Every structure is written in structure tokens, then in C-alpha cells.
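If you're wondering where the values come from, they're calculated on a predicted model, not measured in any experiment.
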Amino acid sequence: MILEMVRANGAVSLRELARVVQTSEVTVRRDVRALEAEGLLDRRHGGAVLPGGFTRESGFPQKSHLATAEKTAIADLAAGFVEEGEAIVVGAGTTTQELARRLARVPGLTVVTNSLLVAQALAHANRVEVVMTGGTLRGSNYALVGSGAEQSLQGLRVSRAFLSGSGLTAERGLSTSNMLSASVDRALVQAAAEVVVLADHTKLGTDTMFQTVPTDVITRLVTDEPPGHDDRAATELQALADQGVSIAVAGASGGDPVPASSSRRRDVPLPGPRRGQVPGGGSPGLRTAGVLGDQAAGAERERARVADLRRR
């Protein structure tokens, strides 16, 4: 039954598998591990996918069924970083689509995107201006790609870019399985003063074929709480923090969905100077945002000042 579900959908979460086969996630995880040993599927944090390694990319219908509660919590938290009257770019992906639904409530916002799904989510937001790139439609993720998309981004400058991808590691940064998508994402990054990556814990420690955003270019990672048994995701989070990525953690995984009102946010302040930034205070390690001390607040003011200088 597990194989039938994965073959039919391309990717299925452990939670969904456990619900359908009426057993625990622990049992499903053991079965998935055995099926992977036979080469019949690939394990991913929080789910299982069709075998294919670095080159396979699941389509939108498959991705939309993975880590849905986590993506919702991430989108709720990420929307809090967007200010009234800002100009931002939002890349393609199921998590960025969730973000776009929340951005519809931000007045005076200008959103540049190559994603039809992001544009659709904002289509009826009368206080948000949507600017779409040109390009060729890539049907698997409803995104515009190619030279037309990249050329339309030349000369653009915005405050922040919100991007997702197929994998995120401290060694290579954000990556994706498709060359055309990677090229457009790199163009989106070039247009932004800051880069915010949205990635649930299932993508942490996963490396795919084409690098889109190197680690030293990522300003902030918005993710969810890795399950207690997921040592690889937790290790990857700490490694990203050690390299200067500010990390905000929303909600919790491995249990019931966390309502937006009770989502928890934790920031990892910059442990040292980053490329193009003025050194700020703070020490590495996860800390609750609500109890950040004066050091972290000073570091945040420094980052804001640097961002303002970049915009000028």
C-alpha cells in the first residue's frame, strides 16, 4: 500500500501514510526504510518519494502533500518579516504560495514573482501590486523560467527575496533539481538586498543538483522545529547558524499542527561578521525571539542599517 501511494502521488508524508494504513509513524518509518533498501523508493525527512536522487523533482501535486502543517506555520512566521509598503520578490514553490496567501493582507506591498501560483494567491488583494516576470511556463511547478524571466529581472532592486527550493545544506546552501528554475532563482537573489529562505525540516540536509543560493548569501532561514529523532536536521540547523544564517523556527513537527497564534519563533543571531555586513553582537545557538537581549537587538539594528545602505 505504501508503494502504491508513493507511485500514485510521487511523494507522500509519513503522517499521511500512517493515517491511510492505520498504524503509527514509527511503524511506517521502519517499512519505508526497508523499501528504500530494496531500491523501491527514496526516504526524505518526513516522507517518501519516488527513487531518482539528485535529478528527480516532484511536481506541484506531489509537493503540496508533503509537510503541509509545517509549511503553513513557516508562512505565518515569514509574513511577519514583510512590512507595509515594501517591494519584495517571491519565488516559486508550495511554501511561497502559502506565504503569498498571507501577504494579501499587507497594504501597499509590491510583489515581483515568476510564479503563477503566487500571482493567483494575490490576484484579488486590492492593496497589493503584483508584477510578473516574462518567460516560458514550466508546467510542473507553474513557474516562468528561461531567458525571458531572467532578462525581465535585470535592473530590479527590492528589499527582500523569499525563496524555497528542493534542498538546503550548510555546505552548499539552497539547491534545486531543475537547471532553468535555478537560473531564475539566482536572478531573483541578485535583485534583493536580503535573502530569506523558506524550508521545512524535510529539506534540511538534502542536497540536489543545482545550487541556487550559497550559504553566505542567505540572510535568514525560516523553518519548522525538527522532530526529536531527526538529528541530521538539527545538526544542519546548527551548522547554518554557525555560518551566520539567522534562523527563525515556527511551530512544531512530528505532532499535531500548531495554530498560527501559538507558533513559536526562535532566532539565531549572527555569530560574526558576514560578507558586506558590519559585525554585530550575539552568540551562536538557538534563542527565543521574545527574550532576545540587548546584544541581539543591537545586531538587528546593525543589519537594518546595512540593508538600508544596500537599498541606497
Side-chain angles (χ1 to χ4, degrees), residues 75 78-100 102-104 106 108-123 125 128-138 141-166 168 172-176 178-199 210-222 244-246 274-277 303-312:
F81 296 118
V82 180
E83 300 175 0
E84 180 178 341
E86 238 185 316
I88 62 174
V89 295
V90 179
T94 52
T95 311
T96 52
Q97 180 189 25
E98 287 295 325
L99 171 63
R102 288 145 183 81
L103 295 181
V106 182
L109 189 65
T110 300
V111 177
V112 181
T113 185
N114 69 318
S115 169
L116 297 186
L117 297 175
V118 169
Q120 182 184 43
L122 294 169
V128 178
E129 182 178 2
V130 180
V131 180
M132 294 207 68
T133 68
T136 302
L137 177 62
R138 185 166 179 260
N141 64 346
Y142 302 97
L144 296 170
V145 297
S147 59
E150 295 171 40
Q151 289 172 11
S152 66
L153 292 166
Q154 291 180 3
L156 180 70
R157 194 62 173 165
V158 298
S159 58
R160 293 183 183 89
F162 290 86
L163 298 176
S164 187
S166 302
L168 177 65
R172 289 186 73 219
L174 191 67
S175 62
T176 186
N178 182 266
M179 181 173 63
L180 294 175
S181 295
S183 293
V184 176
D185 282 353
R186 285 192 287 267
L188 291 171
V189 168
Q190 290 297 318
E194 296 181 9
V195 178
V196 181
V197 170
L198 312 182
F210 299 98
Q211 183 192 57
T212 56
V213 189
T215 305
D216 63 349
V217 177
I218 299 173
T219 308
R220 188 188 303 271
L221 166 65
V222 185
V245 178
S246 179
R274 300 191 51 171
R275 188 181 67 185
Q277 288 188 310
R303 286 194 291 271
R305 188 178 72 82
V306 172
D308 182 64
L309 289 174
R310 286 176 176 170
R311 283 193 292 269
R312 294 179 184 178

#### Entry: Spacing of CG belonging to Leu180 relative to OG1 belonging to Thr136, to within rounding of 0.5 Å
8.5 Å

### Query
Taking the side chain as C-beta and beyond, is there a heavy-atom pair between Val89 and Leu156 under 4.5 Å?
yes

### Task
Say whether, by atom type as modelled, one donor and one acceptor occur between the side chain of Arg157 and the main chain of Gln190 under 3.5 angstrom.
yes

### Message
Would the distance check show the side chain of Thr219 and the main-chain N or O of Val195 forming a donor-acceptor pair, the cut-off being under 3.5 Å?
### Response
yes

#### Entry: Side-chain donor or acceptor of Thr113 paired with backbone N/O of Ala119 under 3.5 Å
no

### Task
Answer yes or no on whether Arg160 is positioned over the face of Phe81, meaning its NZ or CZ is under 6.0 Å from the six-membered ring centre and within 45° of the axis.
no

## Note on the structure
From the list Thr212, Val217, Leu198, side-chain contact (heavy atoms from CB on, under 4.5 Å) partner of Leu174 resolves to Thr212

## Note on the structure
Exactly one candidate in Val184, Val145, Thr133 meets side-chain contact (heavy atoms from CB on, under 4.5 Å) with Glu150; the answer is Val184

### Task
Evaluate side-chain contact (heavy atoms from CB on, under 4.5 Å) for Thr110 paired with Val128, printing each intermediate quantity in order.
CA-CA 6 Å; Thr110 300; Val128 178; over 6 Å; no

## Note on the structure
d(Glu98 CD, Ser164 OG) to nearest 0.5 Å is 11.5 Å

### Task
Would you please test Ser115 and Thr96 for side-chain contact (heavy atoms from CB on, under 4.5 Å) and show each step?
CA-CA 9 Å; Ser115 169; Thr96 52; 5.5 Å; no

### Task
Examine distances only and state if a side-chain atom of Arg102 and a backbone atom of Gly80 form a donor-acceptor pair shorter than 3.5 Å.
no

### Phe162: which of Thr95, Val196, Val197, Leu188 passes side-chain contact (heavy atoms from CB on, under 4.5 Å)
Val196

### Query
Between Glu83 and Leu109, which heavy-atom pair has the shortest distance, and what is it?
O-CD1, 4.1 Å

### Message
Do Glu86 and Val106 have side chains that approach each other closer than 4.5 Å (heavy atoms only, starting at C-beta)?
### Response
no

#### Entry: Nearest heavy atoms of Leu168 and Ala199, plus distance in Å
CD2-CB, 4.3 Å

#### Entry: Smallest separation among heavy atoms of Ala104 and Ala121, with atom names
CB-O, 4.5 Å

### Summary
In this structure, CG of Leu116 is separated from CG of Leu144 (nearest 0.5 Å) by 5.0 Å

### Message
Between Ser166 (side chain only) and Thr176 (backbone N and O only), is there a donor and an acceptor less than 3.5 Å apart?
### Response
no

### Message
Would you say that Ile88 contacts Leu103 through its side chain, given a criterion of any heavy-atom pair below 4.5 Å between the two side chains?
### Response
yes

### Task
State the CG-CE distance between Asn114 and Met132, to the nearest 0.5 angstrom.
7.0 Å

